Amino acid sequence: MQFDIFTLFPEVFPAYLDASILHRAQEMGHLQVDIHNIRTWATDKHQVTDEPPYGGGGGMVMKPEPIFAAVEGVLGQPPACPVLLMTPQGKLLDQKRAQKLASFERLAIIAGHYEGIDERVREHLVTDEISIGDYVLTGGELPALILIDVLTRLIPGVLGDPRAAENDSHASGLLEYPHYTRPEEFRGWNVPEILRSGHHARIDRWRRNQSLKRTQERRPDLLERFDLTDEDREFLDQLENGEE
Ligand code: ADE
């Protein structure tokens with residue numbers, strides 16, 4: 001999968017992209033990220049990329065010309081792939097939206113800054129606006145990295161265990177079950193007996209029940225949308241009756 005990032009702060013990206021799984025994904029050829037500095041497409045002497053808003057008010061607004069020039073200069077006119085704008089006004093990023101976006105081979109991402117971005121960029125260049133949550137950051141750079149991270153995990157071959165992404169919290173619609181590793185006992189706290197039993201079917205059921213329990217306790221809204229099996233229902237009934 002290929003990403004083209006358009007930003008005024010290219011220096012913030014390498015530290016994250018050059019570590020851990022994203023780094024390995026690039027080494028293995030699963031992921032390519034090209035960072036483009038919007039400022040280099042500003043043609044005036046001072047390479048201005050923002051101006052005060054028409055109509056007054058505080059803050060600065062990112063100008064349309066350097067953004068159009070950058071995106072069309074790299075991706076053609078019209079751009080060869082979807083052009084996403086990271087903004088708190090966008091559609092909320094969740095695992096389902098991530099799965100849809102992961103089907104594209106190439107995505108362009110504009111990281112907005114300052115008070116906002118000239119509306120003509122949204123109307124005539126951007127194909128989708130994405131928010132990572134109902135809060136406001138100082139810019140779209142972290143949201144762009146988060147989107148890249150989320151999508152990269154979904155590229156086949158990126159995670160060592162091909163089932164890892166399927167088992168993630170949210171991938172199935174449930175939160176993840178608890179994980180344990182060595183030592184078996186730590187400060188008197190023991191690993192649940194069942195996980196050491198070697199009974200794979202029982203372990204699977206225990207994990208499923210733990211996921212259901214956790215989701216019920218922490219995110220009951222997710223459970224409302226989830227397709228429960230008869231066994232799931234039985235477990236949740238027992239839970240409600242205090243039998244679990
Ligand atoms: N830019 C600033 N805040 C943002 C958010 N919550 N999501 C995406 N981009 C943003």
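All values reported here derive from a predicted model rather than from experimental measurement. Remember, it's 1-based here, ligands and their atoms both numbered in the order they're listed.
Around the CD atom of E184, the shell of radius 6.0 Å holds no more than 12 heavy atoms that belong to other residues, nucleotides or ligands. Shown here is Y16, whose OH atom has no more than 12 heavy atoms of other residues, nucleotides or ligands within 6.0 Å. More than 12 heavy-atom neighbours from other residues, nucleotides or ligands sit within 6.0 angstrom of CZ on R196.
For the salt bridge (charged side-chain N to carboxylate O under 4.0 Å, His left out) condition, the pairs that include at least one residue of residues 148-158, sequence neighbours left out, are R153-D168. Here side-chain hydrogen bond (donor to acceptor under 3.5 Å, both in side chains) pairs that include residues 66-90, with residues two or more places apart or in two chains, number zero.
Listed by chain and residue number, the protein contacts of ligand 1 are M86, T87, P88, I130, S131, I132, G133, Y135, V136, L137, G139, P143 (heavy atom within 4.0 angstrom).
With sequence neighbours excluded, no residue forms a side chain to side chain donor-acceptor pair (under 3.5 Å) with Q26.
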